[in-house]
Amino acid sequence: MPVTVPADFSDRVSPVLVKELRQGLRAKTFIALFLGLQIFLAVMLLSAGASSGSSQAGSTISGTIFLFFSIAVLLIQPLRGINALAGEVKDRTIEMMVLTRLTAWRIVFGKWIAIVGQSALLFATIIPYLILRYFFGGMNLFGELMFLLLLFLTSMALTAVTIGLSGSNSVIIRGLLPILGLPVGLWMMMMLTFARRMGGGGDLMEAVSLSTKESRIGVGVFVLAITYLGGSMLSLGASMIAPAAENHTLIRRLVALVLMIAALAAGLFGDYEEELQLLFVFVIAVPALVTAFVEYVPLVDIVRRPFHRLGPAGKVLGWFFYPCWPSGLLFGVAFTALSLLALAFHNDASSYHRWDEEEWTVILGMFGALMFPAVWQAFLFRGEDQRLGHYLLLLVGSFILLGILTALSDAMNSSSFLWGFAWHPLAYVAMLEEGDFSDSLLLTGVILCDVVIAGILLFRALAGLLSAERALDAAANPGSDS
Amino acid sequence: MSALKVHNLYRYFGPLKAVNGVDFEIPHGSVCGFVGANGAGKTTTMRILATLDYPTLGSAEVCGHDVVQQPAEVRRLIGWMPDHFGNYEHMTVLEYLDFYARALGYKGQERRQRVEEVMEFTDLVPLAERFSNKLSKGMTQRLGLGRALLHDPQVLIMDEPAAGLDPKARVELKHLIRVLAQEGKTIFISSHILSELGEMCDSLLFINNGRIVHHGDAESLKRGTDGVGGSLFDVQVDGDPQAVSDWCVLQPNVEFVEARKHGGRIRIPGDDPAAAADLLSRMVREGLRVIEFHREQRNLEDAFIDILGRIDAGLDPVAPPPLPPQIPAAAPPANQEPT
């Protein structure tokens, strides 16, 4: 029986993309989503056509198209990535892929681009409906196209988040956090970027139409933020499936470092609002810190060798850029310090409002909250491959604790009992609400708390790095006593 | 240069010493069976050789390339077949092999040709359009073997390839392995079915608690010429079969191994035919109504159990035979104990 090999898509396309498209386009989820969207939009347009006398028909059609397109590309499509890597790990097919010429990055990227490609197909199919909608009048053509484009870019970033998180073997993380986190994160990101620019009676289409300087800055920041977030998460996913001998951490941390130094420089020499600087710093710092604190790959000799070739300076650099947990702690603490510098220097240079003690308490509380789960993990945690899930749960738990403490102190009209939680940086933020204590006292408290946390992490980092280096030296020189 | 060389290999998972100082070498073109109980360290050792895991201490080389320092070179040389693996949804057998051929860098006509060759070799042509996740276990193993052979590797590492296969599928797989061995490939294969390994392999590695306890060829081990195990006899009697075990209890140097329908299986030390004749003569003289007495060849299960028994008794398991060259296993120096 002759074998008929199917015609090539192209040998230039990534093999993973070919595989994922072959599988994805046959998946029931995609077929149902694609057909459902088409049927719904066609019916909706026909109904609107029948009642075309209404002056609101055009905006109603736009709103409905955007709503259902958003659900498709911001929720359903990204969620299809939740098992992308975990499924391969569970079935052990990832091992067979790793043994080919595919690198971890190419595998992750191929999976991401395949889902994005299918989202692009959905995007392309709604264009005819938008063209028809144009004839109903009242359309801000450029604004609506820009909005669609931003929705698509956001979908790309959210897909990167789910693909990145899919490397975690924690079912809770893969299942629960994206479902809860995606809408919340999206809302926060949109609000942070656009809310102030829209004003009280503003219009979202206007805010993204690039017609004003503020709109251009807002869109630019948003695109940069989601690009960086998406890149960081894809890199995290690649780290999770890569062999221990590959260092994906180096590039990820270098990019974060360059961006933070750029933010520091912009703060020093630029003249813009301090809230924008806060947004820059947090957008850069949060993915960098989270990915640094959840490293779990052990240090192997082949990774440290390039650093050691650079001499003593290289060895020190290696401590910040090895893809292992102790190095992540060291980098995380240093990066937190750099982030605070970027905020402090902007404060000094800017002609805008200066941070007051209350605001510094909140800022330090937030950075402390990012470091706090790592302290917990340093002492009370053994499941290394669950580190990401554990960290994120502790982080979410911290904010839930903040909410509960704030509500309790409100109900009791007193925040004195919160000193019992003074070991957690967010307790000081909760204490701010009631105003029972002076801002300078709370600022001093949160600084002390952060310093203790950072000190513990530094100690744990240095001990871990020294121990790992000693073990590798012993393995490399079996005859020596060192 | 050996095809596989493992030196002083350790792999610890926290307190668990999965591999605890393993040394061995396998020459080019040979077929080596890897034998051990569940959890003995077989899969961990094989995964390290396949660059899927890394040693805590020690080294492993494939055709002279270190698995940690030169993983890319090693991957080009090996074909890895795990004990079980999932297949993809919505993907046919042909597309499955086509994907891996692409991933291995084959392009255009060369890729098509390579996929065809592998499908013909593994008899997958009739299944080309079948979805890969709808195959039987035997078909899946053939598909796995096909995938492992796509880049024509010099060394095949197969972890329990026959596990869960029905007899027909096992025969087919064994045939494919024989053909590959005839083509000169080095094959390192683990299995629980020791009799099959004995038929296929030039040498056998026995591993227990993370240490190699024996490395030798199957025939010598079965005959007991390695100095362990002695000689085994099947004895059948007319009347109560219990009489055989009762008789053995009273005899020095005669061990009752297992009961059988009409008697049992017994063992005496050494390999001397005169001792066998003497044994039979004593039985008859002492009133056993022997109707069947024949020497049985030790099978590999016996040999394996013997070795484990000697280890449990604190004895040297067995002196390694000269084939192939063997580096004695070594415990790590105290100052190298990984943490």
Side-chain angles (χ1 to χ4, degrees), chain A residues 1-6 8-20 22-28 87-88 90-103 106-107 110 243-246 298 300-302 305 382 384 467-468 470-472 474-482, chain B residues 8 10 14 47 50-58 68-69 71-72 75-76 78-80 82 84-92 94-96 98-108 111-113 115-116 119-120 124-126 128-129 144 147-148 150-151 332-333 335-339:
Chain A
M1 180 178 163
V3 176
T4 312
V5 178
D8 294 340
F9 274 94
S10 168
D11 283 330
R12 292 177 203 154
V13 176
S14 159
V16 181
L17 176 59
V18 175
K19 165 189 166 286
E20 292 295 325
R22 276 176 173 164
Q23 290 182 273
L25 292 173
R26 286 173 184 154
K28 289 189 182 103
E88 302 272 8
K90 187 180 161 207
D91 291 340
R92 296 171 66 181
T93 43
I94 196 77
E95 294 180 350
M96 291 179 276
M97 279 205 240
V98 165
L99 291 178
T100 65
R101 293 186 185 180
L102 296 172
T103 60
R106 284 182 74 194
I107 293 169
E246 288 180 17
V300 293
D301 193 45
I302 195 168
R305 205 169 295 163
R382 288 290 174 269
E384 294 187 347
S467 160
R470 268 200 299 267
L472 289 175
N477 309 296
S480 76
D481 290 336
S482 58
Chain B
N8 204 26
Y10 292 82
R47 285 174 57 81
T51 73
L52 294 169
D53 201 350
Y54 47 88
T56 307
L57 275 180
V68 176
Q69 314 298 341
R75 286 167 190 176
R76 274 196 279 277
I78 60 155
W80 163 246
H84 79 275
F85 54 93
N87 283 325
Y88 298 118
E89 272 191 327
H90 311 303
M91 190 178 248
T92 65
L94 188 58
E95 288 169 344
Y96 179 93
D98 180 69
F99 160 61
Y100 278 103
R102 285 170 189 268
L104 286 162
Y106 288 99
K107 293 186 187 301
R111 186 181 71 248
R112 291 188 196 89
Q113 191 180 336
V115 170
E116 276 182 38
M119 288 184 74
E120 279 164 15
L124 287 168
V125 176
E129 297 306 322
R147 181 197 47 73
L150 272 171
H151 57 305
N335 61 358
Q336 284 183 55
E337 196 74 7
T339 52

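All heavy atoms count here, side chains included; hydrogens, waters and symmetry mates do not. Chain letters run A, B, ... following the sequence lines, proteins first, then strands; residues in each count from 1.
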message = As a quick check of understanding, evaluate side chain to side chain contact (heavy atoms under 4.5 Å, CB included) for B/Tyr100 and A/Lys19, giving each step before the final call.
response = CA-CA 9 Å; B/Tyr100 278 103; A/Lys19 165 189 166 286; over 6 Å; no
key: Working for side chain to side chain contact (heavy atoms under 4.5 Å, CB included), residues B/Leu52 and A/Leu99   = CA-CA 8 Å; B/Leu52 294 169; A/Leu99 291 178; 4.0 Å; yes
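Contact annotation for B/His151: neither backbone nor side-chain heavy atoms come within less than 4.5 Å of a heavy atom of chain A. In this structure, no portion of A/Arg106 lies under 4.5 Å from any heavy atom of chain B. Using a 4.5 Å cut-off between heavy atoms, B/Tyr88 touches chain A through backbone and side chain atoms alike.
Between B/Arg111 and A/Asp11 there is a salt bridge, since a side-chain N of the basic residue sits under 4.0 Å from a carboxylate O of the acidic one. Between A/Arg26 and B/Glu95, at least one side-chain nitrogen of the basic residue sits less than 4.0 Å from a carboxylate oxygen of the acidic one, meeting the salt-bridge criterion. The pair A/Glu95-B/Arg47 counts as a salt bridge, with a side-chain nitrogen and a carboxylate oxygen less than 4.0 angstrom apart.
Residues B/Phe99 and A/Met97 have side chains in contact (heavy-atom distance under 4.5 Å, counting atoms from C-beta outward). A 4.5 Å side-chain heavy-atom check between B/Arg147 and A/Thr100 finds every atom pair outside the cut-off.
Between the CD atom in A/Glu20 and the NE2 atom in B/His90 there is a gap of 11.0 Å [rounded to 0.5 Å].
When A/Arg305, A/Lys90, A/Arg92 are compared by the number of non-hydrogen pairs under 4.5 Å with chain B, A/Arg92 comes out ahead.
A side-chain donor-acceptor contact under 3.5 Å links B/Arg75 to the backbone of A/Val98.
A/Arg101 and B/Leu104 make their closest contact through NE-O, 3.3 Å (heavy atoms, listed as atom of the first residue, atom of the second, distance).
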